[in-house]
4 protein chains.
Amino acid sequence: MSKPREEKYKAILDAATEAFAEYGYFSCQVSKIAKLAGVADGTIYLYFKNKQDILVSLFAERMGQFTQEIRHEIVQCRTTQQRLASIVRTHLRYMEENRSLAIVTQIELRQSDPQIREAISGPLREYFQLIEQVLAEGMEKEEIVIRDLKVGRQLFFGTLDAVISDWVISKKPRSLVEVEDVLIDLIRGAFRAKN
Amino acid sequence: MSKPREEKYKAILDAATEAFAEYGYFSCQVSKIAKLAGVADGTIYLYFKNKQDILVSLFAERMGQFTQEIRHEIVQCRTTQQRLASIVRTHLRYMEENRSLAIVTQIELRQSDPQIREAISGPLREYFQLIEQVLAEGMEKEEIVIRDLKVGRQLFFGTLDAVISDWVISKKPRSLVEVEDVLIDLIRGAFRAKN
Amino acid sequence: MSKPREEKYKAILDAATEAFAEYGYFSCQVSKIAKLAGVADGTIYLYFKNKQDILVSLFAERMGQFTQEIRHEIVQCRTTQQRLASIVRTHLRYMEENRSLAIVTQIELRQSDPQIREAISGPLREYFQLIEQVLAEGMEKEEIVIRDLKVGRQLFFGTLDAVISDWVISKKPRSLVEVEDVLIDLIRGAFRAKN
Amino acid sequence: MSKPREEKYKAILDAATEAFAEYGYFSCQVSKIAKLAGVADGTIYLYFKNKQDILVSLFAERMGQFTQEIRHEIVQCRTTQQRLASIVRTHLRYMEENRSLAIVTQIELRQSDPQIREAISGPLREYFQLIEQVLAEGMEKEEIVIRDLKVGRQLFFGTLDAVISDWVISKKPRSLVEVEDVLIDLIRGAFRAKN
DNA sequence: GATGAATGAGCATTCATTCAT
DNA sequence: CATGAATGAATGCTCATTCAT
């Protein structure tokens with residue numbers, strides 16, 4: 001009679017994304033998530049170990065999906081340039097379509113609580129590795145030039161992150177899509193990408 | 001008589017920096033700051049309106065000092081390239097010398113609590129404007145090429161931020177100074193800086 | 001299901017009456033009420049907005065009941081004399097049976113906190129109006145003589161209040177019932193009541 | 001050089017009267033009294049044992065003065081009627097001239113805190129005895145008729161108290177002096193006073 | 001005597017989590 | 001499985017009182 005298990009799980013995660021985005025992790029009560037998800041407070045605990053587990057699961061799930069999508073886009077590209085451009089585009093578009101997720105990512109990425117940090121680092125690291133792989137391959141093929149792989153990734157991700165951060169904070173943000181080309185061009189320059 | 005007052009104020013701010021860095025703003029109790037500062041809980045409230053005011057004051061004070069220092073370095077530079085290199089160097093070194101501040105900055109920069117956000121945005125915006133000024137001047141003098149000032153700043157700051165973020169999270173970080181040159185080189189490329 | 005809810009609500013109100021009576025509103029902690037009511041501290045806040053709300057609710061509930069009872073007695077009386085005597089008797093007996101309420105009334109009636117005062121004034125004013133109605137009707141029918149309705153009510157209520165005040169303070173009080181007749185006689189004289 | 005001891009003592013008591021009247025005993029901080037008295041917080045404790053001692057001293061001092069004044073008026077009266085009228089008049093006028101004291105009296109008379117209560121009861125009891133003496137003498141001389149001395153006093157004091165209570169609460173109170181005659185007349189009736 | 005900065009015990013209130021229904 | 005009333009530990013902040021100057 002009731003919603004299947006999977007559906008309710010997603011409903012809670014969606015609600016949590018909204019709620020965390022609006023109030024922040026600490027200022028958002030579990031009861032608020034429950035209400036938003038249309039379930040009882042106690043029900044949350046049938047699906048998640050505790051509040052932190054909601055955040056962690058949310059992050060793992062969404063980031064996994066995100067990385068998946070990026071990975072999918074990349075394989076269709078021929079050159080490193082295309083791959084980087086593709087990541088930029090997918091990243092921006094994904095976040096633009098999932099504003100609450102973007103906010104949560106911005107906020108909770110930096111929790112200093114060691115437990116949360118640890119739990120969150122996994123999915124993020126996976127994305128980092130993906131970027132670094134593309135960069136490494138580009139260097140091998142001499143399509144780009146970077147003196148330090150990690151720093152290259154930091155520039156790549158940090159820039160995207162800053163763009164989204166501003167967009168998230170801004171009350172009347174211009175569309176992220178608008179900056180795609182500028183961004184790609186800038187990054188291309190940083191990596192001395194050959195045409 | 002105002003000497004000990006000033007001293008105690010700084011002691012509390014220092015303690016708060018440490019404590020916020022270690023536990024995060026929300027997970028850090030006022031009593032923990034008090035103990036670390038070597039004062040009674042109540043004493044805190046002789047110097048700060050409330051817990052949030054500690055964070056805000058801390059941020060305003062430290063970021064103000066930071067921007068000041070950067071500004072001071074910049075004026076001694078001739079070219080835009082030098083100016084950008086100078087900011088990178090000062091930024092990294094300042095954070096390396098103030099690891100706790102770096103952590104707090106990383107964490108609290110992204111608080112979604114609107115009040116905190118608002119209070120914090122001032123000092124940060126000032127730094128952003130400083131960067132954008134340098135970039136604007138560079139474009140005017142045709143020392144660099146950027147299609148969008150804001151995106152340029154986002155790349156510049158975002159990259160530095162990501163570098164520090166990794167450094168902060170890392171258990172055994174390599175010195176930030178080590179990456180200075182790579183970083184400067186990368187940014188130079190992004191902005192097509194002429195030698 | 002709403003049965004236990006109602007029960008717990010009353011239990012808290014009863015406990016609060018006892019506790020406020022014994023310690024006074026300000027010197028009585030919420031936790032003391034909770035313990036006395038046999039519930040957890042937090043449970044209090046499922047039923048009341050805050051500590052002040054307990055006091056206000058308590059007052060509204062009990063005084064409403066009290067006025068109700070008085071009103072019920074009055075309608076059965078023929079003459080103003082009987083009505084006044086009835087109020088005196090009911091007032092004294094009600095307070096004698098609800099000593100804690102009597103104490104709370106004595107104490108909190110005079111809180112200078114404007115908020116509390118305002119909240120409390122409603123039910124009390126209702127009682128005052130009841131008295132004044134009886135007096136007004138008595139004057140119309142020429143059963144009593146009063147030059148000023150308000151002062152008449154003040155004498156009536158003030159006297160009862162003083163009697164109860166003494167009784168409340170006294171360690172070994174004589175029964176309030178004992179003074180009924182004397183009191184009625186005295187008031188009758190003040191109002192020049194005709195037999 | 002500094003104010004003589006006595007003057008500062010009075011200043012604190014005056015300040016306390018104002019402050020207690022405005023905020024109530026519990027909601028009034030010692031520091032507020034100090035500021036109002038123009039002394040440092042610590043100075044208070046050179047003159048009073050603690051906060052409660054301020055209230056108690058205030059009450060003892062002011063009520064003593066009050067009773068004194070009443071006593072002084074009474075001796076000049078010939079008949080019981082005159083004496084009662086004199087008390088009514090003096091009581092009302094004294095309170096009208098000392099509104100803050102009137103408020104404090106209204107409020108703090110009923111503190112349930114046993115300690116405060118005990119300390120306050122002394123001066124008040126003295127006034128009660130004064131009234132009862134007048135009544136007793138009146139009965140002896142057959143100038144009035146009362147079946148119970150205590151109840152007589154309760155009517156007398158309670159009525160005055162209620163009048164003042166209303167006056168204190170009222171935002172636009174009519175002068176207390178206006179009700180004098182009505183009041184005296186009413187009380188005269190209660191006691192079957194002979195002309 | 002006078003000061004007022006410092007103290008720290010004390011308390012109302014919140015909210016993640018549990019568990020009887 | 002689902003509920004939501006109940007729990008009680010946890011914490012920011014206040015303020016009477018002290019005491020070094």
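These figures come from a predicted structure and were not determined experimentally. Here is how names work: the chains are called A, B, and so on, in the same order as the sequence lines, proteins then strands, and each is numbered from 1.
Side chain of C:T43, nearest nucleotide from F:dG12, E:dA5, F:dA6: F:dA6. Distances were taken from every side-chain heavy atom of A:K51 (C-beta onward) to each of E:dA16, F:dC1, E:dG4; the shortest belongs to E:dA16. Distances from the side chain of D:L46 to the nucleotides E:dA2, F:dT17, F:dG4 place E:dA2 closest. Minimum atom distance to the side chain of B:N50 is reached by F:dC13, of the listed E:dA2, F:dC13, E:dA5.
Distance, A:D41 CG to F:dC1 C1': 16 Å, rounded to whole Å. The CG-P distance, from D:D53 to F:dT18, rounds to 13 Å in whole Å. Computed from coordinates, the C:I44 CD1 to F:dA6 C1' distance equals 12 Å when rounded to whole Å. One can place CD of A:E7 at 15 Å from C1' of F:dC1, the figure rounded to the nearest angstrom. As a whole-Å value, the separation of D:I12 CD1 from E:dG1 C1' is 12 Å. Separating the OH atom of D:Y23 from the P atom of F:dC15 is a distance of 12 Å, rounded to the nearest angstrom. Between the CZ atom of A:F48 and the P atom of F:dA2 there is a distance of 13 Å, given to the nearest Å. Counting to the nearest Å, the C1' atom of E:dG1 and the CD atom of D:E6 are 16 Å from each other.
Side-chain atoms of B:L101 and B:F66, non-hydrogen and from C-beta on, never get closer than 4.5 Å to each other. Contact check for A:R62 versus A:L13: side-chain heavy atoms found under the 4.5 Å cut-off. Residues D:F48 and D:V56 have side chains not in contact (no heavy-atom distance under 4.5 Å, counting atoms from C-beta outward). Between D:I103 and D:R99, some side-chain heavy-atom pair lies under the 4.5 Å cut-off. Between D:T105 and D:V168 there is no side-chain heavy-atom pair separated by less than 4.5 Å.
A tilted orientation is assigned to the rings of B:Y47 and B:Y9, their planes being inclined by 30° to 60°. The aromatic rings of D:F26 and C:F26 lie parallel to each other, their planes meeting at an angle below 30°, with 60° marking the opposite boundary.
Between B:L46 and B:R5, the shortest heavy-atom contact is O-NH2, 3.5 Å. Taking each heavy atom of A:A15 and A:L36 in turn, the nearest pair found is O-CD2, 3.4 Å.
Residue B:Y45 places no side-chain N or O under 4.0 Å from the OP1 or OP2 atom of E:dT7. Close to E:dA5, at under 4.0 Å from its OP1 or OP2, lies no side-chain N or O of B:R5. When the side-chain nitrogen and oxygen atoms of A:K8 are compared with OP1 and OP2 of F:dA2, one or more of them lie within a distance under 4.0 Å.
Between the D:Y25 side chain and the D:Q52 main chain, a donor and an acceptor come within less than 3.5 Å of each other.
Scanning residues 28-40 of chain C for heavy-atom distances under 4.0 Å to DNA chain E yields C:C28, C:Q29, C:V30.
Counting any heavy atom pair closer than 4.0 Å across all strands shown, C:Y47 reaches sugar-phosphate atoms only and no base atom.
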query: In dot-bracket notation, what is the pairing pattern of DNA chain F, taking Watson-Crick (N1-N3 plus N6-O4 or O6-N4) and G-U wobble (N1-O2 and O6-N3) contacts under 3.5 Å, with [ ] crossing and | for other strands?
result: .||||||||||||||||||||
